A.B. asks: 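Before we start, here is the structure in question, set down as structure tokens.
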Amino acid sequence: MILEKINHVNDIKKLTSVELELLAEEIREFLIHKISITGGHLASNLGVVELTMALHLAFNLPKDKLVWDVGHQSYTHKILTGRKAGFDELRKYGGLSGFPKRTESACDCFDTGHSSTSISAGLGLVQASQILEKDNYVVSIIGDGALTGGMAYEALNNAARLNRNFIIVLNDNNMSISENVGAISQYLNNIRTADAYTDLKTGVYDTLSKIPIYGEKVVGQIRKTKNGIKQLVIPGMLFENMGITYLGPVDGHNIEKMVKALGEAKKLNQAVIVHIKTNKGQGYSPAERHPARFHGAEPFEIETGLPTCKRAKANYSDIFSTVMRKLGDRDKKVVAITAAMPDGTGLKRFKNMFPERFFDVGIAEEHAVTFAAGLAAEGLKPIFAVYSSFLQRAYDQILHDVCIQNLHVIFAIDRSGLVGSDGETHQGLFDISYLSSIPNMNIIAPKNKWELSDMLKFAVDFDGPIAIRYPRGEAYDGLRNYRAPIAYGRSEVIFDESDIALVAVGSMVKTANEVREDLKEISYNCSLVNARFVKPIDEEAILELVKDHKLIVTLEENVKNGGFGEKVLQLMSECGIQTRVLIIAIPDEYVEHGNVEILKKEVGIDRESIVKKIIAAYVNL
Ligand SMILES: Cc1ncc(C[n+]2csc(CCOP(=O)(O)OP(=O)(O)O)c2C)c(N)n1
Ligand SMILES: CC(=O)[C@@H](O)[C@H](O)COP(=O)(O)O
Ligand SMILES: [Mg+2]
């Protein structure tokens, strides 16, 4: 096994070219085997095995810096930097992260998780090296999907004026999670498929370069020419015209060719894009055939590619998908938007049924929000389905373009709360806080699958900005009989007792009900209130609760700062009420990756911890 020889960074440099080919095969087998057990981002990682090897051969880590965009494709990099043994615990609590982490290795120079940040971060590293007079290379590796994100262009706009080497590797597999979208994707596709064009370019350059003394100059001259012959011989004109040298496209499964291209790129004192063509899922036919399904794979059977655990119940995204279909049927003004997540959010069905009312804008959450605002300004009813953590980057667009004008944009916020194995960057723990500080915004959260459906209908009939937050995973199907119509700003009393009032938001209603049952067994009486509205909070109901309850407990899967509990506390203080409020929420810290149940325990929002906290608070009243 060649893989056994790879224990430290740069071990790869000791291998012969035959061994390198074997190593690529072994890494693929290793990844397929490990991820079939743990789950993880398989298809993207299979696609970059040779590219990562080429980068490790061409550069000296950790002195040189590799910045992985999104970072979901960094598994081979982890293997080559001595972290092979960690793959049994990949994305598990306390185990190896699925993304680059500076705390995990000196070879991880920048943490990522969200898309399109690598060129900005890389440029920062380059400028820092210059100021600190360091002598190292910086390489940002960005996918064609990540290149649909606006931040990448903001960075390219700046990188173009560099007079120092900065290599941007464009890992082009012609896929985002789903099919990539937009003009840039089309442009790259044209380059990918225009082999004759590439040969012409290579041929012309090679011939010209071979002419003694003047050849190199002529090539340089062609690069500087704004049109004419350059249009004919240089793919990647878009980048060249911006002032960024373009090299490629290069076969991303040929190590030798990539090392050569990277060597050329290293010679330039400016920003240079090396366009690498890869195949998402390379070497594992189920992933090659279904790259979207194997983008973020659950554990699967290697022979068939089928998931090992069949899902018995629908998750919230499935419910959303079904309701969206009905809403689309019922109301022609309903339009749906996704920022490159049609599968994850459950919008694929809507896309198939109403293609003219479906918009995938690419990984462009900021644009998605302002685009939705434009649609709403003309009277349509846009529903932007987005993961909680990805909506974070559209804060100003929500405030400036939607809420100031009080436009009727519906935010269907999936993955609110703890998401689990993706960790810090993806936990949806801030949306209540960041949204509720914005005037005109309304925030609701369903307790179960039926309420998600009711709330979506309510939101479509509403007028104004409204966000519905719901968690990742299985949709709760308990408390079915509690289905009072949704009324603006009103909560729902589920159990009316005395002593302790549990006021829970969305996913925490289920937990609160379990806590209520546990406490009942030891003779504590608890009322259970489903908050429904986080903004505006149901002040009337809360002021009613303080009349016959000694302790109010608020429960939410959001950070405490700026959360629901703090709003209740503020109301109490404004009304001069002394009743004790116990806030069950996420503490002021980032929550790492791992199984959601373990994470809940760690942050103290699991059933058992809550019971203990309530008893402690109650006996100390
Ligand atoms: C801001 C943000 N939005 C959405 C995502 C979800 N996401 C992760 S990877 C990905 C597709 C990236 O495509 P590409 O860069 O081409 O990489 P590939 O998976 O094809 O290797 C998306 C949409 C994200 N990580 N960050
Ligand atoms: C890397 C990334 O951002 C996505 O692939 C994300 O991991 C998807 O998460 P879900 O599995 O919750 O759809
Ligand atoms: Mg891609």
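This structure is a prediction, so every number in the text was calculated from the model and none was measured. One is the number of the first residue; the rest follow in order along the sequence. Computation of the quantities below employed the complete heavy-atom set of this structure, encompassing side-chain atoms and omitting hydrogens, waters and symmetry-equivalent molecules. Read the numbers this way: they start at 1 and go in the same order the structure lists the ligands and their atoms.
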A.B. asks: Considering heavy atoms of the protein only, find what lies nearest to atom 7 (N) of ligand 1 and give residue, atom and distance to 0.1 Å.
C.D. replies: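 In this structure, atom 7 (N) of ligand 1 has Ile177 CD1, 3.7 Å as its nearest protein heavy atom.
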A.B. asks: For ligand 2, indicate whether the residue His426 contacts it via side chain, backbone, both or neither (heavy-atom separation under 4.0 Å).
C.D. replies: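 The part of His426 near ligand 2 is the side chain, not the backbone.
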A.B. asks: Using a 4.0 Å heavy-atom cut-off, say whether Val419 meets ligand 2 through its side chain, its backbone, both or neither.
C.D. replies: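 No part of Val419 is near ligand 2 at this cut-off.
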A.B. asks: Considering only the protein, which heavy-atom contact is closest to atom 12 (O) of ligand 2, and what is its distance?
C.D. replies: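 Closest protein heavy atom to atom 12 (O) of ligand 2: Arg472 NE, 2.8 Å.
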A.B. asks: Got a sec: is Met175 within less than 2.8 Å of the Mg ion (ligand 3) via an N/O/S atom?
C.D. replies: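 Here the distance criterion (N, O or S atom, under 2.8 Å) is met by Met175, so yes.
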A.B. asks: Under a 4.0 angstrom heavy-atom cut-off, which atoms of ligand 2 come close to Val70?
C.D. replies: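 Once the distances to Val70 are compared, the set is 1 (C).
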A.B. asks: What protein heavy atom sits nearest atom 11 (C) of ligand 1, and how far away is it?
C.D. replies: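 So the nearest neighbour among protein heavy atoms is Ser176 OG, 3.3 Å.
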A.B. asks: Identify the protein heavy atom lying closest to atom 6 (C) of ligand 2, giving its residue, its atom name and the separation to 0.1 Å.
C.D. replies: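 Ranking protein heavy atoms by distance from atom 6 (C) of ligand 2, first comes Asp422 OD2, 3.3 Å.
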A.B. asks: Does Glu365 have a heavy atom less than 4.0 Å from any atom of ligand 1?
C.D. replies: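 Per 4.0 Å heavy-atom rule, Glu365 contacts ligand 1.
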A.B. asks: Counting both backbone and side chain atoms, is some N or O of His295 under 3.5 Å from an N or O of ligand 2?
C.D. replies: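 There is such a contact, yes.
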A.B. asks: Tell me whether the rings of His41 and His295 are parallel (<30°), tilted (30 to 60°) or perpendicular (>60°).
C.D. replies: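 Perpendicular: the ring planes of His41 and His295 meet at over 60°.
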A.B. asks: What part of His41, side chain from CB on, backbone N/CA/C/O, both or neither, has a heavy atom under 4.0 Å from ligand 1?
C.D. replies: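 His41 to ligand 1: no contact under 4.0 Å from either part.
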A.B. asks: Any idea which protein heavy atom is nearest atom 10 (P) of ligand 2, and the distance to it?
C.D. replies: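 That would be Arg415 NH2, 3.5 Å.
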A.B. asks: Can you tell me the protein heavy atom closest to atom 4 (C) of ligand 2 and the distance?
C.D. replies: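 Here the closest protein heavy atom is His41 NE2, 3.7 Å.
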A.B. asks: With a cut-off of 4.0 Å, which atoms of ligand 2 are near a heavy atom of Phe390?
C.D. replies: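 Ligand 2 atoms under the 4.0 Å threshold to Phe390: 3 (O).
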A.B. asks: Which atoms of ligand 1 have any heavy atom of Ser115 under 4.0 Å away?
C.D. replies: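 Within the 4.0 Å cut-off of Ser115, ligand 1 contributes 1 (C), 2 (C), 24 (C), 25 (N), 26 (N).
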A.B. asks: Side chain or backbone of Ile363 under 4.0 Å from ligand 1, or both, or neither, by non-hydrogen atoms?
C.D. replies: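 Contact part for Ile363 vs ligand 1: side chain (C-beta onward).
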A.B. asks: When you measure from the Mg ion (ligand 3) to the N, O or S atoms of Asn173, does any of those distances fall below 2.8 Å?
C.D. replies: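 For Asn173, the answer is yes, given that an N, O or S atom comes within less than 2.8 Å of the Mg ion (ligand 3).
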A.B. asks: Identify, for atom 13 (O) of ligand 2, the protein heavy atom at the shortest distance, and state residue, atom and that distance.
C.D. replies: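 Ranked first by proximity to atom 13 (O) of ligand 2 is Tyr387 OH, 2.6 Å.
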